[in-house]
Student: 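The structure follows.
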Protein chains: 2
Amino acid sequence: MDVKTIILGFLSEGEMSGYDIKQAFSNSIGFFYDASFGAIYPALRKLEEEGLVTKQEIIQSGKPNKILYQITDSGKDLFYQEMASPIVPPILRSDMLVKIFFAGNRTVEEREELFANGLQMQKKLLENTKKAFAKMADSLDPYQTFCWKYTMNHLEMTIKFIEDQAPHLLKQ
Amino acid sequence: MDVKTIILGFLSEGEMSGYDIKQAFSNSIGFFYDASFGAIYPALRKLEEEGLVTKQEIIQSGKPNKILYQITDSGKDLFYQEMASPIVPPILRSDMLVKIFFAGNRTVEEREELFANGLQMQKKLLENTKKAFAKMADSLDPYQTFCWKYTMNHLEMTIKFIEDQAPHLLKQ
DNA sequence: TGGACCATGTAAGTAGTTACATGATTCG
DNA sequence: CGAATCATGTAACTACTTACATGGTCCA
């Protein structure tokens, strides 16, 4: 699953601008697949070249003009195909876990700080996710709600795991 | 945390070849940070250019010769600094969660298959992780063991979450 | 009045992946 | 006898991030 395919997914639910799509990434699926403007705009250009989306410029007053993108039938076909392809394993890059992995040679104070920082980051992430979910919950379908709950569950379990295990490790 | 820094981390514990380093990625931290040969060999070349590692060719009979890399004092300094830098949030790319997020428009059969596939993948991942852990457990320090247990805990929680929630979603 | 929001886009750089090239040995 | 292991490396490509460029509106 790449950025182009995910954009087709968003456009399946209605026309959107590049800016709208960035909002959708950040506010909806950012936890399990994020993308920057620098990935989204070039992806939209390629999708248009391939005939998977069409565009329409909207003249606005008081705001910059915007370009709305619509998915085409071949775009829908491709998205449908991608959705039916086998699930591939997740890719994770966790700075926290790498730092813990190599913590064996560090001082007790450094380890304490490491766990405190990790815990703080996870708690901040959970707090932000809960706030964002509260704002969106009404507009979500059951599958989208599942993803949000998965994220919150994951963060809660991570916090619990660190709080349970870290004292043991630091006592030794 | 990038591939170069993680290689310095491995070399802190003793000299290794590029091949050894690939093994260490795959067998130890692959779940939360993986890297390919095509990332490792160029990273080693850059580390040598920067004076952070030195190398030594070992002539072997019956096997291809290998090049062992050693970390230098400035390599150790840099690694130490990186380890003390603030933890940045994890980056995740989950094909499964994206597919679930967009499952709202699919048929009941397609959704059932999606959850079945997702569950199967997570179970396979857990099984592989448990087997690999059983082989390594003796040689791990408490911080490395923490990372393995974190991984297994995460996979178990994910499986439990899907098994609990999916029947609800599919009944509707 | 300063920051957040709306809005698009490019250039330069980073950081990889995948596939290819090579080839002996060892194990089941 | 075929697959896995050991072992290094490059070329072509993919896919992205970060920073820059621009500028009006709205709200506290």
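In the text below, chain A, chain B and the rest are named by the order of the sequence lines, each starting its count at 1. Please read all numbers here as calculations on a predicted model, not as lab measurements. Heavy atoms only: backbone and side chains are in, while hydrogens, waters and symmetry mates are out.
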Student: Report the distance from atom CG of B:Leu92 to atom C1' of D:dC16, rounded to the nearest whole Å.
Tutor: 16 Å
Student: I would like to know whether A:Ser74 and A:Asp77 meet side-chain hydrogen bond (donor to acceptor under 3.5 Å, both in side chains); could you show each step before the answer?
Tutor: CA-CA 5 Å; A:Ser74 52; A:Asp77 286 350; over 6 Å; no
Student: Can you tell me how far C1' of C:dC5 sits from CG of A:Asn65, to the nearest Å?
Tutor: 16 Å
Student: Decide yes or no on ring pair (Phe, Tyr, Trp, His ring centres under 6.0 Å) for A:Phe146 and B:Phe101, but give the supporting numbers first.
Tutor: CA-CA 8 Å; A:Phe146 173 96; B:Phe101 188 84; over 10 Å; no
Student: What's A:Tyr33 touching, base or sugar-phosphate or nothing? Going by heavy atoms closer than 4.0 Å.
Tutor: sugar-phosphate
Student: Ring-plane angle category for B:His154 and B:Phe31, please: parallel below 30°, perpendicular beyond 60°, tilted otherwise.
Tutor: tilted
Student: Of B:Tyr69 and A:Val3, whose closest DNA chain D nucleotide lies nearer the 5' terminus?
Tutor: B:Tyr69
Student: Is the B:Phe25 ring parallel, tilted or perpendicular to the B:Tyr33 ring (thresholds 30°, 60°)?
Tutor: tilted
Student: Distance check: side-chain N/O of A:Tyr19 vs OP1/OP2 of C:dT8, anything under 4.0 Å?
Tutor: no
Student: Examine B:Tyr150 together with B:Phe32 and report whether their ring centres are nearer than 6.0 Å.
Tutor: no
Student: Is the phosphate of C:dA15 approached by A:Arg93 (side-chain N or O, under 4.0 Å from OP1 or OP2)?
Tutor: no
Student: So, B:Gln70 and B:Thr54: side-chain donor and acceptor under 3.5 Å apart, yes or no?
Tutor: yes
Student: Considering only heavy atoms, which members of residues 36-59 of chain A lie under 4.0 Å from some atom of DNA chain D?
Tutor: A:Ser36, A:Gly38, A:Ala39
Student: Using atom CG of B:Asp2 as one end and atom P of D:dT18 as the other, report the distance to the nearest whole Å.
Tutor: 13 Å
Student: In whole angstrom, give the distance that lies between atom CE of B:Met1 and atom C1' of C:dT14.
Tutor: 17 Å
Student: Under 4.0 Å: is that the gap between some side-chain N or O of A:Ser17 and OP1 or OP2 of C:dT8?
Tutor: yes
Student: Provide, to the nearest angstrom, the distance between the NZ atom belonging to B:Lys22 and the P atom belonging to D:dT5.
Tutor: 13 Å
Student: Applying the salt bridge (Lys or Arg N to Asp or Glu O under 4.0 Å) test to B:Glu127, which of B:Lys131, B:Lys123, B:Lys130 qualifies?
Tutor: B:Lys131
Student: Return the value, rounded to whole Å, for the distance between atom CD1 of B:Ile7 and atom P of C:dA15.
Tutor: 13 Å
Student: What is the distance, to the nearest angstrom, from the CE atom on A:Met16 to the P atom on C:dT8?
Tutor: 11 Å
Student: From CG of B:Asp34 over to P of C:dT17, roughly how many Å is that when rounded to an integer?
Tutor: 7 Å
